[in-house]
Amino acid sequence: MGDSIHIQQSQDHSFCSFSIIACILPLSSEIESIKFNIPDLKVGTLDVLVGLSDELAKLDAFVEGVVKKVAQYMADVLEDSKDKVQENLLANGVDLVTYITRFQWDMAKYPIKQSLKNISEIIAKGVNQIDNDLKARASAYNNLKGNLQNLERKNAGSLLTRSLADIVKKEDFVLDSEYLVTLLVVVPKLNYNDWVKQYETLAEMVVPRSSNVLFEDQDSYLCNVTLFRKAVDDFKHKAREYKFMVRDFQYNEEEMKADKEEMNRLSTDKKKQFGPLVRWLKVNFSEAFIAWIHVKALRVFVESVLRYGLPVNFQAMLLQPNKKTMKKLREVLYDLYKHLDSSAAAIIDATMDIPGLNLSQQEYYPDDYLLLRTYSNSY
């Protein structure tokens, strides 16, 4: 009789694989095996087990989704440090394969004196809380990050679009004049000589020799020019004809200071939230993953009892084939257990890649087969 979980971890694109199978010993000598201990759980009634089988399948999918979301958000938060994602995706302080190969039922969190249904409800409640907390924390951090990125984008890009507040100085402008105003003009480098020759004649009442280059990027110069206010519209119109783009900018020290302070505040807040958020994700990834493996253990137990009856008489084992021998493993397991269920189907893989983790539910076998893969190079 059997249920199995397959764990696959990639390191530099190589693979090691494990499967958990609930079986009647002995196993084939061709298969390297490690005990995966499931405690003596309360069986309950047949009706409860039948209902629980469906509930556990749904719980399995839900917990998997939360594990996936926490892992993915860890990658999102670490941004340019994605090489550090894997070292933070641990279970009880160890890597995921080590946790599963040394699996011990957590009696404190999931007391085996409780019914199977109660244990599943404890798991569901805990993981649901992680899911809700993740949504709240992610929303707050994403809003902060988004606001900061919006301000940073204003200070990046070409001179045609970026903020000019951090480029210009007070002395670049004629301020507080009733008649005069200073404009900022983006001049393509290819047209700069034309600008020098023509800016004074683009409109009447342009102050002679009032233009200076204030800044340059790869393609353009930012120049200032001073003229009478009533000539501004004519100047802008004529400037466009020569591909000189007048930026809509008014020098306001208070607004510029407020924008700079807001960026500093957002940057400081992001740094303050980063450390605690990564620690929360690390702790709760571990909690969710541990809960997930306990759900797997519950499913192994429940499905084995439902399929093969009482008394409970199996030992869950971890099997370790390599990638090339997975097909051989299925053949060996089929030969071992085909007498238990003649309706077993051929293997059909349905693999879904997820960041940090990969789960694939297999089709029907004489040994119930649940596939779990973990990848260390997914980021």
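Not measured: the values here are computed from a predicted model. The analysis underlying the following values was restricted to heavy atoms, covering all of them including side chains, and did not include hydrogens, waters or symmetry mates.
- Atoms CZ and CD1, on R137 and I130 in that order, are 11.0 Å from each other to the nearest 0.5 Å.
- The side-chain hydrogen bond (donor to acceptor under 3.5 Å, both in side chains) search around N150 returns R153, not counting sequence neighbours.
- For the ring-ring contact (aromatic ring centres under 6.0 Å, His included) test, no residue two or more places apart in sequence or in another chain qualifies with Y141.
- For N264, the side-chain hydrogen bond (donor to acceptor under 3.5 Å, both in side chains) criterion is met by no residue, not counting sequence neighbours.
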Check residues 271-284 and write down every donor-acceptor pair under 3.5 Å in which the side-chain atom is one partner and the other belongs to a residue at least two apart or another chain.
unit_1, atom_1, unit_2, atom_2, d
N284, ND2, W280, O, 2.9

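- Closest of all the heavy-atom pairs between V174 and T182 is N-OG1, 2.9 Å.
- A salt bridge between K58 and D54 is absent, with no side-chain N of the basic residue lying under 4.0 Å from a carboxylate O of the acidic one.
- For T161, the side chain to side chain contact (heavy atoms under 4.5 Å, CB included) criterion is met by S158, not counting sequence neighbours.
- L190 belongs to no hydrophobic cluster with other residues, because no ILVMFWY side-chain heavy atom falls under 4.5 Å from its own, directly or through intermediates.
- Among residues at least two apart or in separate chains, ring pair (Phe, Tyr, Trp, His ring centres under 6.0 Å) pairs with a member in residues 180-204 are Y192-Y221, W195-Y199, W195-F244.
- For the side chain to side chain contact (heavy atoms under 4.5 Å, CB included) test, residues two or more places apart in sequence or in another chain that qualify with V246 are L183, V185, F235, K236, A239.
- Counting only residues at least two apart or on different chains, the side chain to side chain donor-acceptor pair (under 3.5 Å) pairs with a member in residues 162-172 are R162-D166.
- Considering only residues two or more places apart in sequence or on other chains, K84 meets the side-chain hydrogen bond (donor to acceptor under 3.5 Å, both in side chains) condition with none of them.
- Applying the 4.5 Å side-chain rule to ILVMFWY residues, one finds L159, L160, L164, I167, V168, L175, L184, V186, L214, F215, L222, M245, F249, Y251, M256 in the same cluster as F173.
- Partners of Y110 under the ring-ring contact (aromatic ring centres under 6.0 Å, His included) rule, at least two apart in sequence or in another chain, are H294.
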